[in-house]
Structure formats: C-alpha cells, structure tokens
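Below: the structure, in structure tokens.
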Amino acid sequence: MLEERQKKERRVGLPELPNAEKGKVVLRFAPNPNGPLSFGHARGIVINGSYAEKFDGELILRFDDTDTSVKPPLLEAYQQIPEEAEWLLGFAPHRIVIASDRMEHYYEHAEMMLSRGFGYVCTCSAESFRELRVAKSECPCRNQESGFNMELWNKMLDGTFKPGDAVVRVKTGMDLKNPALRDWPALRMQDTETNPHPRKEIGSKYRVWPLLDFQSAVEDHLQGVTHIIRGKDLMDSTRKQTLLYQHFEWDYPETMYWGRVKVHEWGGFSTSQMRRDIEAGLFEGWDDPRLPTISALKNRGITSEALRQFWIELGVTQKDISVPLATLYSHNTKQIDDDAPRISFVRNPVKLQITGEHPMTVTTSVHPNHDSMGIRTFDISNHNVLIEKEDSVKPQVRLKEFADFDLSGQSAKFISQARSDKRPIIHWISENDCKKATLIHPSDGEILEIEGVLENHEYTPGTMLQIERIGYGILLDDCTIMFTHD
RNA sequence: GCUCGUAUAGUGUAGUGGCCCAUCAUAAAGGACUCUCAUUCCUUUGACCCGGGUUCAAAUCCCGGUACGAGCACCA
C-alpha cells in the first residue's frame with residue numbers, strides 16, 4: 001500500500017448486506033395479520049424495504065396467517081397492512097403472498113418430507129414428546145415406514161385424527177444439543193369448524209395447517225428469498241429451518257437479526273394485547289392516538305420519513321434497546337418545521353380590552369424563516385384580544401409582533417409599539433380573527449381535550465401546524481388540532 | 001435446567017488489531033440568532049461491563065465471570 005490510510009469515514013445508513021448482488025436481492029417482511037401494523041413492525045418494513053430499494057431488488061409482503069385460534073387473523077388487516085407498508089416506504093411491496101392461499105404447496109412439501117423419509121407423523125401427545133425431547137430419546141413414531149406415515153397423514157387430512165392427535169415432525173435428531181431443534185413440529189391440526197379462518201374463501205377448508213417454521217421455510221424457498229432480516233428471537237428458527245433446507249438440499253438465505261426494542265413511553269407493544277385492550281374498550285380503536293400503531297402515529301402527524309430515518313438510524317444490531325420517543329420526534333421536527341405554518345392557539349382564553357391609542361391591524365409572518373409563505377393579519381378595531389389565562393397574571397407583557405402592554409384585570413394598557421423593555425413575549429389572538437377550537441393532547445394514557453381559541457385559517461385537514469409557544473400539531477378539522485409533539 | 005445471543009457517553013449508534021486519550025445523533029447544560037417555550041448555529045458535560053490471556057500493539061481476537069435478552073409452543 002503506497003497511500004496512507006485515510007481517516008475512516010463514519011458509516012451512515014444501513015450496514016452492508018452480505019452477498020448482495022444488485023438487482024437480485026429478494027427480501028420479505030412477514031407479519032401475522034392479527035392486527036394492523038405497529039411501531040415495531042415498521043422496523044421490519046423499513047429495513048427490509050430499504051435494502052430492497054438500495055439493491056434494486058424486491059420486497060415481499062407475506063401474511064403469515066396460519067393460526068386460527070391463538071392469534072386469529074383480522075380480516076381488515078389484509079387490506080390495511082399493504083396500505084400502511086406503502087405509506088411507510090413510499091412504494092408498494094413488489095409481491096404480496098398470503099400463506100393461507102398457499103396451502104397446497106405446504107401439503108406437497110409435507111408429503112415430500114414423508115415420502116423421502118425425513119419427516120414423520122407423530123401421534124405422541126405434546127406432553128409426552130416434551131419429556132422425550134428433554135431425555136434426548138426418540139419416540140416410537142420416528143421409525144415408521146413412509147407408507148405408514150402417508151396413511152397417518154391422510155388421517156390428518158380427512159379428519160380421522162382430531163386436533164392434538166397427530167403432528168408432522170421434521171427428523172432433525174433427538175440428540176442435538178440445542179433442545180429447541182430436536183424433531184420440531186412442522187404441521188398440526190386446527191379445529192377450523194369452531195375457529196374458521198376469517199377469510200371466507202378459506203374458512204373451514206383445511207384441518208391441517210403448517211406451523212411458522214415450516215411454512216416460512218418452504219415459502220422463502222419458493223419465492224427465491226435471498227436475505228432474511230428479522231428479530232433475533234427467530235435465531236433458533238433459522239437453525240431449525242436450515243436443518244430442513246439440508247433435507248431438501250436447498251441453500252438457506254443470508255440472515256441478519258435485530259434485537260428487542262422498547263420505547264420508554266410505551267414499554268413493549270404486543271398486537272394481541274392491543275387487540276384485547278381495544279375489545280375491552282380501553283381504547284377507541286387501532287388508531288387511538290395513545291396506541292403505538294402506525295395508523296395512530298400517522299394520524300398524530302408523525303411522517304413516514306421520520307419513521308424511516310428513526311429505524312435506519314437504529315440499524316440492525318442485535319442489542320436489546322430502549323429508546324425515547326424524543327428521538328423520533330426530533331426526526332419528525334426536521335421533516336415538518338420548514339413547511340409548518342405558524343398559528344396561534346390560545347388555551348383557556350382571557351379577554352382583554354385594550355386602552356390607549358393603538359394600531360387597528362397587526363401583520364406577522366406565516367413562517368418566520370420563509371417569507372414566501374405569506375403573512376397573517378389581525379384586526380383589533382374592536383380593541384379586544386385574547387390571551388392565555390396563565391399569561392394574564394403577568395403585569396407586563398408584549399403581545400408578539402404587536403406592542404408592549406401593562407395588564408390590570410381585564411384591561412391592557414398600550415405602552416409602545418416598539419419594545420420598551422425585556423418583558424415576556426406572549427402569543428395572543430384578536431377577538432375578530434378567531435373561533436373556538438380544541439387541542440387534543442394524548443398524554444399519560446389520557447386524551448386531554450384542551451379548549452381554546454384558534455386563529456382563523458384556511459388550511460385543510462392534515463396540515464401540519466406549528467402552534468406558537470406550544471408545539472407541533474396536525475389539523476383534524478377546521479377547529480380541531482391533534483397535538484403531535486413539542 | 002439445556003441451548004443461543006448481546007454488552008461503547010443518560011439514550012441510540014460508528015468502529016472488525018495500530019488512524020481511537022474513540023464517531024455521529026439525541027438528551028442535558030450554557031450561549032448566539034430570533035418579537036414563539038419553534039427553527040437554525042456554537043460550546044460544554046459525558047462511554048469501550050469485570051477479570052485474565054494472545055500480541056510490539058486490543059473497544060476490536062481468545063478464555064472465564066457478571067448482567068440483560070431470546071428459544072426449548074400442536075403461537076407468529
């Protein structure tokens with residue numbers, strides 16, 4: 001090396017993807033549609049989607065909807081999740097795969113397993129198999145002839161067996177040192193008469209259903225997935241699936257993992273728990289602003305770009321982390337501030353009557369850094385203005401962009417238009433230019449509805465606003481603002 | 001219990017044997033700008049879990065410990 005090594009640049013963005021060839025990368029994100037997307041799901045979408053984009057590859061959105069009783073799918077989620085994924089990424093997933101539409105493929109592979117002798121139908125109970133697993137001993141079913149296995153398989157399919165009577169296992173070895181890998185279950189039966197699949201085209205059509213490790217493994221192969229990036233809780237899944245791939249003589253995709261994430265303000269986020277809480281009436285719905293769902297965040301004014309930057313900044317480390325929302329809010333502020341019109345909202349308004357000679361109109365900018373966004377005009381010809389109750393106790397104040405006043409009860413004495421001293425600057429609204437409005441502020445599990453008056457405006461719902469001296473908010477309707485963050 | 005994984009400032013993150021008395025962001029504190037408690041800018045505070053080893057040289061490699069997390073479901 002002739003050249004001196006340069007000071008290394010700090011790596012920004014996503015880490016390198018091993019063995020990635022431009023145009024040939026296929027990634028997937030596979031949620032259970034048992035609810036809409038949560039904040040945590042966003043990581044899977046953002047990371048996998050960003051790699052797909054970076055390498056000119058494909059992102060598959062796959063619905064892992066193979067459980068009808070423990071985590072039953074929610075019909076609306078099949079519609080909502082792709083929309084939310086597209087909102088988050090700025091592009092739609094390239095392929096959508098629904099596991100419950102692909103049952104024939106899983107059956108076919110199960111039969112291959114049975115006939116080639118690396119899978120067997122096990123009629124042991126879950127409890128007795130657990131003991132065998134601990135003891136590293138094989139169960140009697142393990143050495144059945146493949147013909148007999150096919151017979152038993154058909155009894156699963158035709159309903160001779162009932163749920164719990166039999167499962168299909170992959171032969172991996174009962175002496176494996178990791179107990180999690182020993183002859184793991186691949187398919188089981190479910191009572192889809194009492195718990196039909198919510199998709200009506202599926203309903204009670206199947207009794208035998210693949211479990212995640214089998215379904216996911218087979219489907220990843222069928223779809224040509226090259227890279228799997230998922231939570232490290234699925235590390236043993238990789239090991240189980242690798243053993244299956246060896247049987248099928250397939251190559252397992254490259255894998256990367258991320259650790260567990262908690263948010264200081266929310267703790268963990270479980271879709272199942274949210275679903276129970278919503279059904280119990282604790283929340284108004286999936287987009288309740290207190291909930292860590294994508295829809296709630298979106299409705300509260302968090303941009304998809306902020307979410308993307310947030311997750312990319314966290315990267316793909318295997319550390320278990322706990323992050324404050326302030327980090328997300330900081331990204332969001334950077335996204336919205338330049339475009340957010342300034343607006344005045346007065347909480348708990350107190351009316352003041354101005355005494356003394358004073359201008360009849362006041363103008364101020366819509367955005368102090370961008371004159372192009374125009375001006376706001378206040379009409380004070382009736383001498384009445386509104387200020388926050390909290391500010392009304394101050395003896396001397398300056399009404400922002402207007403003038404200095406001395407306050408005394410309900411009256412405000414005009415002192416001077418120019419600043420005369422360092423008295424605090426407060427925001428205000430002229431009585432002629434405002435209407436009653438509500439600021440919705442989700443905080444500490446409560447939804448506070450702060451009444452006040454809002455400056456007249458012509459913004460459309462969805463506009464992000466910077467509420468002077470309060471924070472950022474999103475306009476819900478003419479006179480309702482949802483507080484976003486400071 | 002068995003198995004697996006992770007450990008860098010308050011919180012995240014960069015760093016894969018010498019560029020590191022360690023990067024960047026965020027948070028906090030102070031300041032500049034500003035007629036918002038906004039934005040922007042500047043400054044400061046602040047970290048390689050512990051103990052051994054390998055090496056001329058370790059945040060980086062090895063071993064042990066500790067802590068935290070995960071899997072061992074006929075959930076995903």
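None of these values were measured; they are calculated from a predicted model. Chain naming here is simple, since letters A, B, ... match the order of the sequence lines and numbering starts at 1 in each.
In terms of phosphate contacts, T327(A) brings no side-chain nitrogen or oxygen within less than 4.0 Å of OP1 or OP2 of rA27(B). Contact annotation: R188(A) side-chain N/O to rA76(B) OP1/OP2 distance is under 4.0 Å.
Note: CG (D486(A)) to P (rA38(B)) measures 9 Å, nearest angstrom. When rounded to the nearest whole Å, the span between CD of E131(A) and C1' of rC2(B) equals 16 Å. We find that CG of L14(A) is positioned 11 Å from P of rA14(B), with the value rounded to whole Å. Rounded to an integer number of Å, the gap from Y472(A) OH to rU36(B) C1' is 10 Å. Between M373(A) atom CE and rA38(B) atom P the separation is 18 Å, expressed in whole Å. If you measure from atom CG of N332(A) to atom C1' of rU26(B), you get 15 Å, rounded to the nearest angstrom. Rounded to whole angstrom, the span from the CZ atom of R260(A) across to the C1' atom of rG12(B) amounts to 17 Å. Rounded to whole Å, atom P of rA38(B) lies 12 Å from atom CZ of F483(A).
S322(A) comes within 4.0 angstrom of the backbone, heavy atoms only, and of no base. Using a 4.0 Å heavy-atom distance criterion, N369(A) is classed as a base contact. Within 4.0 Å of R130(A), counting heavy atoms only, lie sugar-phosphate atoms of the nucleic acid but no base atom. In this structure, L187(A) reaches neither bases nor backbone, as no heavy-atom distance under 4.0 Å exists between it and the strands shown. Backbone-only engagement by L314(A) is indicated by non-hydrogen atom pairs under 4.0 Å involving sugar-phosphate atoms exclusively. Counting non-hydrogen atoms under 4.0 angstrom, R11(A) reaches the backbone sugars and phosphates but no base. Note on V167(A): a base of the nucleic acid sits closer than 4.0 angstrom, heavy atoms only. The residue P368(A) sits close to a base: some heavy atom pair falls under 4.0 Å. Within 4.0 Å (heavy atoms only), G164(A) reaches at least one base atom of the nucleic acid. Across all strands, E401(A) comes closer than 4.0 Å to base atoms (heavy-atom distances). At a threshold of 4.0 angstrom between heavy atoms, the contacts of S272(A) with the nucleic acid are absent. Residue contacts shown for T66(A) are limited to sugar-phosphate atoms, with no base heavy atom under 4.0 Å away. Note on T333(A): only backbone sugar-phosphate atoms sit closer than 4.0 angstrom, heavy atoms only; bases stay farther off.
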Within the sub-3.5 Å range, which N or O atoms of nucleotides 3-7 of chain B have a protein N or O partner, and how far apart are they?
{"unit_1": "rU3(B)", "atom_1": "O2'", "unit_2": "N178(A)", "atom_2": "OD1", "d": "3.3"}
{"unit_1": "rU3(B)", "atom_1": "O2'", "unit_2": "N178(A)", "atom_2": "ND2", "d": "2.7"}
{"unit_1": "rC4(B)", "atom_1": "OP1", "unit_2": "K177(A)", "atom_2": "NZ", "d": "3.3"}
{"unit_1": "rC4(B)", "atom_1": "O3'", "unit_2": "R239(A)", "atom_2": "NH2", "d": "3.4"}
{"unit_1": "rC4(B)", "atom_1": "O2'", "unit_2": "R239(A)", "atom_2": "NH1", "d": "3.1"}
{"unit_1": "rC4(B)", "atom_1": "O2'", "unit_2": "R239(A)", "atom_2": "NH2", "d": "2.7"}
{"unit_1": "rG5(B)", "atom_1": "O3'", "unit_2": "Q318(A)", "atom_2": "OE1", "d": "3.3"}
{"unit_1": "rG5(B)", "atom_1": "O2'", "unit_2": "Q318(A)", "atom_2": "OE1", "d": "2.8"}

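The 5' end of RNA chain B is approached more closely, in terms of each residue's nearest nucleotide, by A418(A) than by the other of A418(A) and S237(A). Comparing V316(A) and A403(A), the nucleotide of RNA chain B nearest to each residue sits closer to the 5' end for V316(A).
A donor-acceptor contact closer than 3.5 angstrom links the side chains of Q309(A) and E305(A). With no hydrogens or angles considered, no side-chain donor-acceptor pair links T484(A) and Y329(A) at under 3.5 Å. In summary, the side chains of S430(A) and D379(A) do not present any donor paired with an acceptor at a separation below 3.5 Å, with no hydrogens or angles considered. For the residue pair R28(A)/S216(A), the side-chain donor-acceptor check at 3.5 Å is satisfied.
Taking only side-chain atoms of R469(A), from C-beta outward, the nucleotide of rC75(B), rA76(B), rU36(B) with the closest atom is rU36(B). With rC72(B), rU36(B), rC74(B) as the candidates, the nucleotide lying closest to the side chain of A180(A) is rC72(B). Taking every side-chain heavy atom of D233(A) into account, rA76(B) is the closest of rU36(B), rA76(B), rU26(B). The side chain of I321(A) sits closest to rG12(B) out of rG12(B), rC35(B), rC2(B).
Across every strand in view, rG64(B) sits in a pair with rC50(B) that passes the Watson-Crick or G-U test at under 3.5 angstrom. Of all nucleotides present, only rG1(B) satisfies the Watson-Crick or G-U wobble test against rC72(B), with each distance under 3.5 Å. With a cut-off of 3.5 Å on both pairing distances, rC19(B) has no Watson-Crick or G-U wobble partner at all. Base pairing of rG30(B) is made with rC42(B), judged by Watson-Crick or G-U wobble geometry with both donor-acceptor distances under 3.5 Å.
When ring centroids are compared, Y120(A) and F148(A) stay outside the 6.0 Å threshold. Close placement of the F378(A) and W428(A) rings is indicated, their centers lying within 6.0 Å of each other. Centroid-to-centroid, the aromatic rings of W209(A) and Y107(A) stay 6.0 Å apart or farther. When ring centroids are compared, Y78(A) and F63(A) come within the 6.0 Å threshold.
Remark: the Q466(A) side chain and the rU36(B) base include a donor-acceptor N/O pair separated by less than 3.5 Å.
K162(A) has no carboxylate O lying under 4.0 Å from a charged side-chain N of D165(A), or vice versa, which leaves the two without a salt bridge.
Contact check for T66(A) versus L212(A): no side-chain heavy atoms found under the 4.5 Å cut-off.
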